[in-house]
Amino acid sequence: MNLEATIQSVVAQSVKTLYNIDIETSQIQIQKTKKEFEGDITVVLFPFAKAARKSPEGAGAEIGEFIVANNTMVSKFNVIKGFLNLSITPSYWLELLNSINADEYFGVKLPSEDADTMMIEYSSPNTNKPLHLGHIRNNLLGFSIAEIQKANGWKVVKTNIVNDRGIHICKSMLAWKLFGNGETPQSSGMKGDHLVGKYYVVFDKAYKAEIKALMEKGMTEEEAKKNAPLILEAQKMLLAWENNDAEVRQLWETMNAWVYAGFDETYKQMGVDFDKIYYESQTYLTGKSEVERGVAEKSFYQRDDSSVWADLTADGLDEKLLLRADGTSVYMTQDIGTAKLRYNDFDIRKMVYVVGNEQNYHFQVLSILLDKLGYAWGKDLVHFSYGMVELPEGKMKSREGTVVDADDLMTEMINTARETSMELGKLDNCAPEEIESIARMVGLGALKYFILKVDPRKNMTFNPKESIDFNGNTGPFIQYTHARIKSVLRKAAEQEINFDAGLNTSLVISEKESYLIQLLSAFPAVVKEAGTEFSPALIANYEYELVKEFNQFYHDFSILKEEDEALKQFRLVLSASVAKVIKTGMQLLGIEVPERM
RNA sequence: GGUCCCGUAGCUCAGCUGGAUAGAGCAACGCCCUUCUAAGGCGUGGGUCAUGGGUUCGAAUCCCGUCGGGAUCACCA
């Protein structure tokens, strides 16, 4: 039982004995005592002072006295306004620290065979262009959520649905065919995804020029968009693809292979991975047949032009297209097929889609459609919706060239980390490989932490300059603290100080120290809450608070020069425990922590 | 127009299952490297928590209205 629950039940019993009132233990409000008051933990008295027909101060004094007299873990108390501040005995804190120190997997549940399976879909790229800043937020959130759910005892399957077919790919293919002169990643030296992306832009430019020309001839913009030769050609290509045209399929496979090689590099650099990848080219047919089943069962209906629709007006939504008049499938059709395959492949208890908030409506509809098709799990799907990433100048717009490329950004972060280390002379005695590895951990740590510390629901502003700042509430600050603790522990080992035996619980410790232990002991609860809330930000902000607190402590004490052996041991154990929690927490965010930096 | 999300310091963000004087970082200014890593610590200034009501002993937090910003309501994915 953790400290909070223990105090709750102690207070409930006191109130029962003193006033003969029954209170739900969960109704007793407990909080950490604010720094400006004496004590460790605070009970809010208002709720039951009234029931006891006492003033909050009077009830607080009586309860405080009773607890101190009857419970050995509380040494003293004070009452200020309606708050009862309790001081916990050092021996309790020391026992707590001993147990944290002894638990190698503190805060994390180990996987068990009979755990339920949660599938988490994230990334979900289109194969017509490279990954950008928006994908980075997606990938980092998806990976971190997977780690957090594992730590909460779920069996997690990370999955990616690659959008490898559709009109967007055909645009790149067509442009390459018309203007590419046989260019390949090998011949151009470009990363495959960047090369294909280049032709997507080429298409867009040429298409725009055609639209402009047609409008000058008197067409409306809408007509021009529909009748430009390039778009007609691309649509023809999509149809040819669906009809298994050998040449189109061949080109499609070649260009997608380039893109996958490029994506693999990006994912590897980012440190994310997947257990199972689905391709829409392999799932859309299932989607089609599911939609046809829906028509047969009268869940959906077919119009005169033979397009298929779902009528969702009963659910307060509009009508939704599921198959075009030419029989080709749309985004929604594919997601239906993918969902079916996934549930066939895995025993999924919970399905989570990490997809941007611009698709809130899509997932609302998907949930209803799956339900209409008779899938019990349709209603329960979770759309983990996150906000857009904006730049200080505004939104990213590919047309205006303000898209931040994922590969470029990661390289820049790593370079900056390396330069900063060099300037500070931090890594003067390190081998080149070690410098590289640390620069990578720190640069990517800065990027990941910068993005994950923000509440996912909110749109966030990404300032490239600020993200590279390594001061303040940043990943490197946390990594740095870890590295310094490790340095102290290395030196302790050199001096052959053994501090693993467990602590003498009669030590006297300061309030700052007991506060640190209290923070540490809160870690499992934070992990649990991050799991139910799907919130990496919760972990990130906890880590910062812990590290900030520890840094003040670190500044005040010279651990290895402490003469009192017992105190030295205690501070080493405390430091080691902080380092362990830092590391575990950062792992849940997908951030590596270096041993030195 | 309908639906959903957001609005906290000059900037970027915490805090939101209601609790004590609303917190960090950046930016500005002033201190601290003969002291285990200064990517650090300490200090000063900076706020009508968009706004108006309501509920409550108590509201940044819950409810309603208003204003401002964003998303979506596609035979794009």
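Remember, it's a predicted structure, so these values are computed and weren't measured experimentally. Letters A, B, ... are given to chains in the order of the sequence lines, protein chains preceding strands, and every chain is numbered from 1.
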Looking at A:E511 and A:K35, is there a salt bridge between them, counting it only when a charged N and a carboxylate O are closer than 4.0 Å?
no
Could you check which of B:rG25, B:rG19, B:rG15 has an atom nearest any side-chain atom of A:F83?
B:rG19
With a 4.0 Å cut-off on heavy atoms, is A:T461 in touch with a base, just the backbone sugar-phosphate, or nothing at all?
sugar-phosphate
Under 4.0 Å, counting only non-hydrogen atoms across every strand here, what does A:F46 touch: a base, just sugar-phosphate, or nothing?
base
Syn or anti for B:rC13, with syn set at within 90° of 0?
anti
Residue whose closest nucleotide on RNA chain B lies nearer the 5' end, A:R457 versus A:K81:
A:R457
Comparing A:K453 and A:R596 on RNA chain B - which has the more 5′ nearest nucleotide
A:K453
Looking only at atom C1', what distance separates B:rG58 and B:rC16, rounded to whole Å?
16 Å
Under a 3.5 Å cut-off for both distances, is B:rC16 Watson-Crick or wobble paired, and to whom?
none
Checking all strands, does A:D335 fall into the base, sugar-phosphate, or nothing category for heavy-atom contacts under 4.0 angstrom?
nothing
A:K458 side chain, from C-beta outward: closest of B:rG19, B:rA14, B:rG40
B:rA14
Consider the side chain of A:S558, meaning its heavy atoms from C-beta on, and name the nucleotide among B:rA20, B:rC36, B:rC6 that approaches it most closely.
B:rC36
Taking atom P in both B:rG25 and B:rG68, what distance in whole Å separates the two?
35 Å
Calculate the interatomic distance between A:L546 atom CG and B:rA24 atom P; express it in whole Å.
17 Å
Look at all strands and tell whether A:E545 reaches a base, only sugar-phosphate, or nothing, counting heavy atoms closer than 4.0 Å.
nothing
Rounded to whole Å, how long is the line connecting atom CD1 of A:I451 with atom P of B:rA14?
14 Å
Using the P atom as the reference point in each nucleotide, state the distance between B:rC76 and B:rC5 in Å, no decimals.
29 Å
Kindly indicate whether the side chain of A:I497, heavy atoms from C-beta on, has any atom under 4.5 Å from the side chain of A:Q569.
yes
According to a strict under-4.0 Å criterion, is A:K561 in side-chain N/O contact with OP1 or OP2 of B:rC36?
no
With a 3.5 Å limit on both atom pairs, tell me what B:rC36 is paired to, counting Watson-Crick and G-U wobble, or say none.
none
Separation of A:N541 atom CG from B:rG15 atom P, in whole Å?
6 Å
Rounded distance in Å - CG (A:D455) to P (B:rG7)
9 Å
Whole Å only: how far is the CZ atom of A:F470 from the P atom of B:rG25?
18 Å
Between B:rG23 and B:rA14, how far apart are the two C1' atoms, rounded to whole Å?
7 Å
I want to verify a distance call: between B:rC36, B:rA14, B:rG25, whose nearest atom is closest to the A:Y554 side chain?
B:rC36
Can you tell me the pairing partner of B:rU21 across any strand shown, Watson-Crick or G-U wobble, with both distances under 3.5 angstrom?
none
Kindly say if A:Q364 contacts the phosphate of B:rC4, meaning a side-chain N or O under 4.0 Å from OP1 or OP2.
no
Can you tell me if A:T33 and A:D40 form a side-chain donor-acceptor pair at under 3.5 Å?
no
Charged N to carboxylate O under 4.0 angstrom, A:D455 versus A:R457?
yes
Contact state string [nucleotides 68-77 of chain B, B base, S sugar-phosphate only, - no protein heavy atom under 4.0 Å]:
--SSSS-BSB
Could you tell me which nucleotide pairs with B:rC26 by Watson-Crick or G-U wobble geometry, both distances under 3.5 Å, or answer none if nothing does?
B:rG10
With both distances under 3.5 angstrom, what nucleotide forms a Watson-Crick or G-U wobble pair with B:rU3?
B:rA71
Picking from B:rU21, B:rG41, B:rC13, which would you name as closest to the side chain of A:M460?
B:rC13
Between A:E494 and A:R490, does at least one N-O distance fall below 4.0 Å, as a salt bridge requires?
no
Answer yes or no: is there a side-chain heavy-atom contact under 4.5 Å between A:L323 and A:F300?
no
P gap between B:rG43 and B:rU66, integer Å
46 Å
Are any of the side-chain nitrogens in A:R418 or A:E436 under 4.0 Å away from the carboxylate oxygens of its partner?
yes
If you look at every strand shown and take non-hydrogen atoms under 4.0 Å, does A:S421 touch a base, only sugar-phosphate, or nothing?
base
Write down the distance between CD1 (A:I478) and P (B:rA24), rounded to a whole number of angstrom.
16 Å
C1'-based separation of B:rU21 from B:rG7 [nearest Å]
25 Å
Starting the side chain at C-beta, find the nucleotide from B:rA24, B:rG19, B:rC26 nearest to A:K548.
B:rA24
Regarding A:T42, tell me which of base, sugar-phosphate or nothing describes its non-hydrogen contacts under 4.0 Å with the strands shown.
base
Between A:Y279 and A:W252, is the gap from one ring center to the other below 6.0 Å?
no
Using a heavy-atom cut-off of 4.0 Å across all strands, would you classify A:A483 as base, sugar-phosphate, or nothing?
base
Among the candidates B:rC6, B:rA20, B:rG25, find the nucleotide nearest to the side-chain atoms of A:T33.
B:rA20
Between A:F553 and A:F550, is the ring centre distance below 6.0 Å?
yes
Integer angstrom distance from the P of B:rA9 to that of B:rU51:
10 Å
State whether A:K568 and A:E565 are salt-bridged, where the test is any N-O pair (Lys NZ or Arg NE/NH1/NH2 against Asp/Glu carboxylate O) under 4.0 Å.
yes
Checking all strands, does A:M597 fall into the base, sugar-phosphate, or nothing category for heavy-atom contacts under 4.0 angstrom?
base
Looking at B:rA20, I'd like to know if its phosphate oxygens (OP1 or OP2) sit under 4.0 Å from a side-chain N or O belonging to A:K32.
no
Just checking A:Y544: base, sugar-phosphate only, or nothing, at a heavy-atom cut-off of under 4.0 Å?
sugar-phosphate
Just by distance, do the side chain of A:D311 and the backbone of A:T313 share a donor-acceptor pair under 3.5 Å?
yes
Report the base-pairing partner of B:rG65 (Watson-Crick or G-U wobble, both distances below 3.5 angstrom), or none.
B:rU51
A:Q31 has an atom CD; how far is it from atom C1' of B:rG15, in whole Å?
13 Å
When all nucleic acid strands are considered with a 4.0 Å heavy-atom cut-off, which category describes A:V454: base, sugar-phosphate, or nothing?
sugar-phosphate
C1'-based separation of B:rC32 from B:rA38 [nearest Å]
9 Å
Please check if the distance between the ring centroids of A:Y122 and A:Y386 is under 6.0 Å.
no
For atom OH of A:Y480 and atom C1' of B:rC36, their distance in whole Å
11 Å
